[in-house]
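Please read the structure below before turning to the comments.
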Amino acid sequence: MKKLIAGNWKMNGSLAANEALLTALAAGLGKIPSCEIAVCVPACYLPQVQALKLTHSALGAVEVGAQDISAHASGAYTGEVSADMLKDLGCRYVIVGHSERRQYHAETDALVADKAKSALAAGITPIVCVGETLDEREAGRTEEVVKRQLAAVIHANGHCISEVVVAYEPVWAIGTGKTASPEEAQAVHAVLRAQLKAATDQSARIKILYGGSMNAANAATLLAQPDIDGGLIGGAALKPQDFLKIIAAVPV
Ligand code: PGA
(Lines give C-alpha, C1' and ligand atoms only; values in the text may rest on other atoms or scores of the structure.)
Protein backbone atom coordinates (compact mmCIF):
# COMPACT_ATOMS: atom_id res chain seq x y z
CA MET A 1 0.00 0.00 0.00
CA LYS A 2 1.15 3.56 -0.70
CA LYS A 3 2.14 5.48 2.38
CA LEU A 4 0.35 8.72 3.31
CA ILE A 5 2.08 11.86 4.51
CA ALA A 6 -0.53 14.19 5.94
CA GLY A 7 0.15 17.67 7.28
CA ASN A 8 -1.88 18.93 10.22
CA TRP A 9 -1.58 22.70 10.13
CA LYS A 10 -3.56 23.04 13.38
CA MET A 11 -4.67 26.65 14.05
CA ASN A 12 -1.91 28.22 12.00
CA GLY A 13 -1.82 30.13 8.75
CA SER A 14 -3.22 33.17 7.00
CA LEU A 15 -4.17 33.85 3.40
CA ALA A 16 -0.64 35.10 2.74
CA ALA A 17 1.18 32.38 4.70
CA ASN A 18 -0.88 29.56 3.15
CA GLU A 19 -0.17 30.82 -0.34
CA ALA A 20 3.56 31.04 0.37
CA LEU A 21 3.61 27.55 1.91
CA LEU A 22 1.69 25.86 -0.89
CA THR A 23 3.62 27.70 -3.59
CA ALA A 24 6.89 26.45 -2.07
CA LEU A 25 5.45 22.96 -1.79
CA ALA A 26 4.38 23.02 -5.44
CA ALA A 27 7.85 24.16 -6.51
CA GLY A 28 9.50 21.32 -4.60
CA LEU A 29 7.12 18.50 -5.47
CA GLY A 30 8.45 18.28 -9.01
CA LYS A 31 8.09 14.66 -10.03
CA ILE A 32 5.18 12.42 -9.09
CA PRO A 33 5.67 11.60 -5.41
CA SER A 34 5.90 7.96 -4.38
CA CYS A 35 3.42 8.45 -1.57
CA GLU A 36 0.02 9.99 -1.04
CA ILE A 37 0.06 13.52 0.35
CA ALA A 38 -2.57 15.55 2.19
CA VAL A 39 -2.81 18.83 4.04
CA CYS A 40 -5.39 19.21 6.80
CA VAL A 41 -6.05 22.92 7.08
CA PRO A 42 -8.30 25.19 9.14
CA ALA A 43 -11.83 24.87 7.69
CA CYS A 44 -12.03 28.54 6.74
CA TYR A 45 -9.07 28.12 4.38
CA LEU A 46 -10.41 25.10 2.49
CA PRO A 47 -11.67 27.21 -0.46
CA GLN A 48 -8.33 29.04 -0.68
CA VAL A 49 -6.37 25.78 -0.68
CA GLN A 50 -8.66 24.32 -3.36
CA ALA A 51 -8.13 27.45 -5.48
CA LEU A 52 -4.35 27.20 -5.07
CA LYS A 53 -4.51 23.58 -6.22
CA LEU A 54 -6.00 24.84 -9.48
CA THR A 55 -3.24 27.44 -9.85
CA HIS A 56 -0.34 25.05 -9.25
CA SER A 57 -0.61 21.82 -11.21
CA ALA A 58 2.04 20.17 -8.98
CA LEU A 59 -0.47 20.36 -6.14
CA GLY A 60 -2.78 18.04 -8.06
CA ALA A 61 -1.32 15.17 -6.05
CA VAL A 62 -2.07 16.88 -2.74
CA GLU A 63 -5.39 15.93 -1.15
CA VAL A 64 -7.14 18.38 1.13
CA GLY A 65 -8.49 17.65 4.58
CA ALA A 66 -10.09 19.33 7.59
CA GLN A 67 -9.15 19.00 11.25
CA ASP A 68 -12.55 18.39 12.84
CA ILE A 69 -16.13 17.65 11.87
CA SER A 70 -19.51 17.83 13.55
CA ALA A 71 -21.16 14.59 14.57
CA HIS A 72 -24.48 16.21 13.59
CA ALA A 73 -25.85 16.52 10.08
CA SER A 74 -27.22 20.09 10.30
CA GLY A 75 -29.14 22.44 12.55
CA ALA A 76 -28.67 24.44 15.71
CA TYR A 77 -25.01 23.67 16.44
CA THR A 78 -23.39 27.09 16.42
CA GLY A 79 -19.82 27.09 15.21
CA GLU A 80 -19.80 23.51 13.93
CA VAL A 81 -19.00 22.40 10.40
CA SER A 82 -20.90 19.43 8.99
CA ALA A 83 -19.72 16.53 6.88
CA ASP A 84 -21.75 17.74 3.90
CA MET A 85 -20.15 21.19 4.17
CA LEU A 86 -16.69 19.64 4.15
CA LYS A 87 -17.68 17.49 1.21
CA ASP A 88 -18.93 20.59 -0.59
CA LEU A 89 -15.47 22.11 -0.15
CA GLY A 90 -13.75 19.08 -1.65
CA CYS A 91 -12.42 17.51 1.53
CA ARG A 92 -10.96 14.06 1.08
CA TYR A 93 -9.90 13.63 4.70
CA VAL A 94 -10.84 14.88 8.14
CA ILE A 95 -8.88 14.40 11.34
CA VAL A 96 -11.09 13.14 14.19
CA GLY A 97 -10.21 12.66 17.84
CA HIS A 98 -6.94 14.57 17.78
CA SER A 99 -5.59 14.64 21.33
CA GLU A 100 -5.92 18.44 21.39
CA ARG A 101 -9.66 18.06 20.80
CA ARG A 102 -9.93 15.24 23.33
CA GLN A 103 -8.03 17.36 25.86
CA TYR A 104 -9.30 20.91 25.29
CA HIS A 105 -12.80 20.14 24.04
CA ALA A 106 -13.53 17.11 26.20
CA GLU A 107 -14.19 14.88 23.21
CA THR A 108 -15.04 11.37 24.37
CA ASP A 109 -14.33 8.09 22.62
CA ALA A 110 -18.04 7.90 21.76
CA LEU A 111 -18.12 11.38 20.21
CA VAL A 112 -14.98 10.65 18.20
CA ALA A 113 -16.63 7.47 16.92
CA ASP A 114 -19.73 9.45 15.90
CA LYS A 115 -17.60 12.01 14.11
CA ALA A 116 -15.86 9.22 12.18
CA LYS A 117 -19.31 7.91 11.27
CA SER A 118 -20.47 11.31 9.97
CA ALA A 119 -17.36 11.58 7.83
CA LEU A 120 -17.74 8.09 6.39
CA ALA A 121 -21.41 8.68 5.59
CA ALA A 122 -20.37 11.67 3.46
CA GLY A 123 -17.56 9.77 1.74
CA ILE A 124 -14.81 11.57 3.64
CA THR A 125 -12.00 9.48 5.09
CA PRO A 126 -11.60 10.09 8.82
CA ILE A 127 -8.06 10.09 10.16
CA VAL A 128 -8.80 8.68 13.60
CA CYS A 129 -6.22 9.71 16.19
CA VAL A 130 -5.41 7.56 19.20
CA GLY A 131 -2.62 7.90 21.72
CA GLU A 132 -1.66 7.71 25.37
CA THR A 133 -0.53 10.49 27.70
CA LEU A 134 2.83 10.37 29.47
CA ASP A 135 1.15 9.30 32.72
CA GLU A 136 -0.65 6.49 30.95
CA ARG A 137 2.57 5.31 29.28
CA GLU A 138 4.48 5.39 32.55
CA ALA A 139 1.70 3.44 34.22
CA GLY A 140 2.06 0.75 31.55
CA ARG A 141 -1.38 1.52 30.14
CA THR A 142 -0.47 2.44 26.53
CA GLU A 143 -1.97 -0.65 24.93
CA GLU A 144 -5.16 -0.52 26.98
CA VAL A 145 -5.73 3.18 26.13
CA VAL A 146 -5.16 3.02 22.39
CA LYS A 147 -7.22 -0.17 22.10
CA ARG A 148 -10.10 1.42 24.01
CA GLN A 149 -10.00 4.51 21.77
CA LEU A 150 -9.93 2.46 18.57
CA ALA A 151 -12.55 -0.03 19.83
CA ALA A 152 -15.12 2.77 20.13
CA VAL A 153 -14.61 3.67 16.47
CA ILE A 154 -14.70 0.04 15.35
CA HIS A 155 -17.87 -0.58 17.35
CA ALA A 156 -19.70 2.43 15.90
CA ASN A 157 -18.65 1.87 12.31
CA GLY A 158 -18.95 -1.87 11.70
CA HIS A 159 -17.61 -3.05 8.37
CA CYS A 160 -16.95 0.58 7.29
CA ILE A 161 -13.92 0.51 9.57
CA SER A 162 -11.87 -0.64 6.57
CA GLU A 163 -12.35 2.88 5.13
CA VAL A 164 -10.65 4.79 7.94
CA VAL A 165 -7.06 5.89 8.42
CA VAL A 166 -5.72 5.47 11.95
CA ALA A 167 -3.05 7.76 13.41
CA TYR A 168 -1.09 6.70 16.48
CA GLU A 169 -0.04 9.92 18.18
CA PRO A 170 1.46 9.52 21.65
CA VAL A 171 0.33 12.69 23.42
CA TRP A 172 3.75 13.13 25.06
CA ALA A 173 5.39 13.29 21.63
CA ILE A 174 3.10 15.93 20.08
CA GLY A 175 4.80 19.28 19.61
CA THR A 176 7.41 18.38 22.21
CA GLY A 177 10.32 17.35 20.03
CA LYS A 178 10.20 13.94 21.78
CA THR A 179 9.48 11.22 19.28
CA ALA A 180 8.56 7.66 20.07
CA SER A 181 11.52 5.54 19.00
CA PRO A 182 10.85 3.56 15.83
CA GLU A 183 10.63 0.40 17.99
CA GLU A 184 8.21 1.98 20.47
CA ALA A 185 6.01 3.24 17.66
CA GLN A 186 6.15 -0.04 15.76
CA ALA A 187 5.11 -1.97 18.88
CA VAL A 188 1.93 0.10 19.26
CA HIS A 189 1.24 0.00 15.52
CA ALA A 190 1.41 -3.81 15.65
CA VAL A 191 -1.17 -3.83 18.46
CA LEU A 192 -3.49 -1.58 16.43
CA ARG A 193 -2.95 -3.68 13.32
CA ALA A 194 -3.94 -6.83 15.20
CA GLN A 195 -7.03 -5.11 16.57
CA LEU A 196 -8.08 -4.02 13.07
CA LYS A 197 -7.41 -7.49 11.71
CA ALA A 198 -9.76 -8.97 14.28
CA ALA A 199 -12.42 -6.41 13.28
CA THR A 200 -12.40 -6.76 9.49
CA ASP A 201 -11.01 -9.05 6.81
CA GLN A 202 -10.18 -5.85 4.87
CA SER A 203 -7.64 -4.66 7.44
CA ALA A 204 -4.73 -4.82 5.00
CA ARG A 205 -6.00 -1.66 3.33
CA ILE A 206 -6.14 0.41 6.53
CA LYS A 207 -3.25 2.83 6.88
CA ILE A 208 -1.82 3.40 10.35
CA LEU A 209 0.09 6.69 10.50
CA TYR A 210 2.54 7.77 13.18
CA GLY A 211 2.36 11.32 14.51
CA GLY A 212 4.27 13.18 17.18
CA SER A 213 7.34 15.25 16.35
CA MET A 214 7.99 13.45 13.09
CA ASN A 215 10.50 15.57 11.21
CA ALA A 216 12.95 15.59 8.33
CA ALA A 217 15.62 13.88 10.44
CA ASN A 218 13.63 11.03 11.99
CA ALA A 219 11.05 10.31 9.27
CA ALA A 220 13.06 7.72 7.34
CA THR A 221 13.58 5.32 10.26
CA LEU A 222 9.99 5.67 11.47
CA LEU A 223 8.59 5.13 7.97
CA ALA A 224 10.79 2.05 7.51
CA GLN A 225 8.88 0.16 10.23
CA PRO A 226 6.64 -2.56 8.85
CA ASP A 227 3.41 -1.28 10.40
CA ILE A 228 3.99 2.46 9.95
CA ASP A 229 2.09 3.43 6.82
CA GLY A 230 2.79 7.14 6.88
CA GLY A 231 2.89 10.19 9.08
CA LEU A 232 0.63 12.87 10.51
CA ILE A 233 2.88 15.89 10.69
CA GLY A 234 2.23 18.99 12.76
CA GLY A 235 5.05 21.52 13.19
CA ALA A 236 7.16 20.25 10.29
CA ALA A 237 4.20 20.57 7.90
CA LEU A 238 4.35 24.35 8.28
CA LYS A 239 7.88 24.41 6.89
CA PRO A 240 7.69 23.46 3.21
CA GLN A 241 11.30 22.30 2.97
CA ASP A 242 10.88 20.01 5.99
CA PHE A 243 7.57 18.65 4.72
CA LEU A 244 9.19 17.95 1.34
CA LYS A 245 12.08 16.15 3.05
CA ILE A 246 9.62 13.93 4.92
CA ILE A 247 7.90 13.12 1.62
CA ALA A 248 11.28 12.32 0.11
CA ALA A 249 12.09 10.03 3.07
CA VAL A 250 9.22 7.68 2.24
CA PRO A 251 10.75 4.37 1.20
CA VAL A 252 9.85 3.44 -2.39
P1 PGA B 1 3.75 17.55 15.78
O2 PGA B 1 2.16 17.35 15.75
O3 PGA B 1 4.29 16.93 14.53
O4 PGA B 1 3.94 19.04 15.84
O5 PGA B 1 4.24 16.86 17.01
C6 PGA B 1 1.57 16.18 15.25
C7 PGA B 1 0.08 16.25 15.44
O8 PGA B 1 -0.35 16.75 16.49
O9 PGA B 1 -0.70 15.83 14.55
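In what follows, every heavy atom counts, from backbone to side chain, and hydrogens, waters and symmetry copies are set aside.
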Problem set entry | Verdict with reasoning, Gln186 to Tyr168, per side chain to side chain donor-acceptor pair (under 3.5 Å) | CA-CA 10 Å; Gln186 166 58 30; Tyr168 169 54; over 6 Å; no
If you measure from [atom1] on [X] to [atom2] on [Y], what distance do you get to the nearest 0.5 Å?
X	Y	atom1	atom2	result
Gln225	Asp227	CD	CG	9.0 Å
Asn215	Lys239	CG	NZ	8.5 Å
Lys117	Leu120	NZ	CG	10.0 Å
Arg102	Asp109	CZ	CG	5.0 Å
Ile161	Gln202	CD1	CD	12.5 Å
Leu29	Leu25	CG	CG	5.0 Å

Problem set entry | Met11 atom CE, over 12 foreign heavy atoms within 6.0 Å | no
Exercise. Got a sec: does the NE2 of His72 have more than 12 other heavy atoms crowding it under 6.0 Å?
Worked result: yes
Problem set entry | Evaluation steps, side-chain contact (heavy atoms from CB on, under 4.5 Å), between Val188 and Glu143 | CA-CA 7 Å; Val188 179; Glu143 198 169 311; over 6 Å; no
I'd like to know if [X] and [Y] make a salt bridge, using a cut-off of under 4.0 Å between side-chain N and carboxylate O.
X	Y	value
Arg193	Asp229	yes
Asp135	Arg141	no
Glu36	Lys2	no

Problem set entry | Reference residue Thr142; test side chain to side chain contact (heavy atoms under 4.5 Å, CB included); the match among Lys147, Arg137, Glu136 | Arg137
Answer yes if [X] and [Y] sit in the same cluster of Ile, Leu, Val, Met, Phe, Trp and Tyr residues linked by side chain heavy atoms under 4.5 Å apart, and no otherwise.
X	Y	value
Val250	Leu59	yes
Val153	Leu4	no
Trp9	Ile37	yes
Leu150	Val191	no
Ile247	Leu232	no

Problem set entry | Chi angles and distances behind the side-chain contact (heavy atoms from CB on, under 4.5 Å) call for Thr179, Leu222 | CA-CA 10 Å; Thr179 327; Leu222 285 161; 3.8 Å; yes
Exercise. Do we see a donor-acceptor contact under 3.5 Å between the side chains of Ser70 and Glu80?
Worked result: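 A pair is found: one side chain offers a donor N or O, the other an acceptor, under 3.5 Å apart.
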Exercise. What closest approach, in Å, do Ala71 and Asp114 show between heavy atoms, and which atom pair accounts for it?
Worked result: CB-CB, 3.9 Å
Exercise. Among pairs that include at least one residue of residues 15-29, which meet salt bridge (charged side-chain N to carboxylate O under 4.0 Å, His left out), considering only residues two or more places apart or in two chains?
Worked result: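 Listed once each, the pairs would be none.
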Problem set entry | Verdict with supporting geometry, Gln67 and Asn8, side-chain contact (heavy atoms from CB on, under 4.5 Å) | CA-CA 7 Å; Gln67 300 171 7; Asn8 172 11; 3.7 Å; yes
For this session: Before giving the answer on side-chain contact (heavy atoms from CB on, under 4.5 Å), spell out for Val94 and Ile127 the whole-Å C-alpha distance, their side-chain angles and the decisive distance to 0.1 Å.
Result: CA-CA 6 Å; Val94 62; Ile127 301 178; over 6 Å; no
For this session: Among Glu107, His105, Gln103, Glu169, find the one that has a side-chain hydrogen bond (donor to acceptor under 3.5 Å, both in side chains) with His98.
Result: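 The passing option is Glu169.
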